[in-house]
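The next block holds one structure in the form of structure tokens; read it before the comments.
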Amino acid sequence: MSTTVHIDHDHPSLPGHFPGNPVVPGVVLLERVVAAIEARHGPLPPLRFPQVKFVRPLLPGHTARIELSPTGQDGEPPRWRFRVLEKEQVLATGDIVGG
């Protein structure tokens, strides 16, 4: 499953996140990852992020894509592996676990 994310230059998180050289905060990317999961699966229980790695920044006005792969087993809390990419460059990776 894949979806795109685009953060405009006027996003409210940007003025304080490296003034003069803004980058999209990691928490904004994570919000978009969760929104992508909920768009497909509906509202989720509280989530944990046992592993997240930010490799490169996303700049305002640039477009990235979120790739999601469900990895949970039946009877376990839902789990997804995600990657955020700009073109073919990895920006972030991680795991999300429900419940």
Side-chain angles (χ1 to χ4, degrees):
M1 180 170 98
S2 176
T3 189
T4 59
V5 60
H6 180 88
I7 307 299
D8 288 325
H9 293 278
D10 62 351
H11 190 278
S13 69
L14 296 175
H17 207 70
F18 305 116
N21 191 21
V23 298
V24 176
V27 69
V28 173
L29 289 179
L30 294 178
E31 285 176 341
R32 299 299 171 97
V33 170
V34 170
I37 294 170
E38 288 185 330
R40 182 166 181 144
H41 298 284
L44 297 170
L47 299 172
R48 293 182 296 116
F49 296 83
Q51 177 194 356
V52 176
K53 183 174 184 178
F54 296 100
V55 181
R56 302 176 66 90
L58 177 63
L59 300 178
H62 290 214
T63 300
R65 86 178 173 279
I66 299 168
E67 294 181 347
L68 296 166
S69 301
T71 61
Q73 303 293 323
D74 287 339
E76 293 181 355
R79 178 183 283 264
W80 296 268
R81 180 102 179 110
F82 72 87
R83 296 189 326 155
V84 180
L85 301 106
E86 184 178 13
K87 297 181 179 151
E88 296 308 313
Q89 298 227 345
V90 175
L91 305 179
T93 63
D95 295 308
I96 299 175
V97 180

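The residues of the chain are indexed from 1 along the displayed sequence.
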Closest non-hydrogen atom pair, P50 against D95: CD-O, 3.4 Å

Min side-chain heavy-atom separation L58-V84 under 4.5 Å: no

Transitive ILVMFWY side-chain link L59 to L85, under 4.5 Å: no

Check: E86 and R56 side chains under 4.5 Å, non-hydrogen atoms: no

Minimum heavy-atom distance H11-I7, with the two atoms named: CB-CG2, 3.6 Å

Contact check, side chains of F82 and L29, non-hydrogen atoms, under 4.5 Å: no

Heavy-atom closest pair, residues D8 and P60: O-CB, 4.3 Å

Qualifying residue for side chain to side chain contact (heavy atoms under 4.5 Å, CB included) with W80, from L44, V33, T71: L44

Closest heavy-atom pair and its distance - V23, H17: O-CD2, 3.2 Å

Separation between CD1 of I96 and CZ of R79, rounded to the nearest 0.5 Å: 10.5 Å

Shortest non-hydrogen contact between A36 and T3, atoms and distance: CB-CG2, 3.4 Å

Heavy-atom pair of closest approach, residues P15 and P19: O-CG, 3.5 Å

More than 12 heavy atoms of other groups within 6.0 Å of R81 CZ: yes

Straight-line distance of R65 CZ to L91 CG, nearest 0.5 Å: 10.0 Å

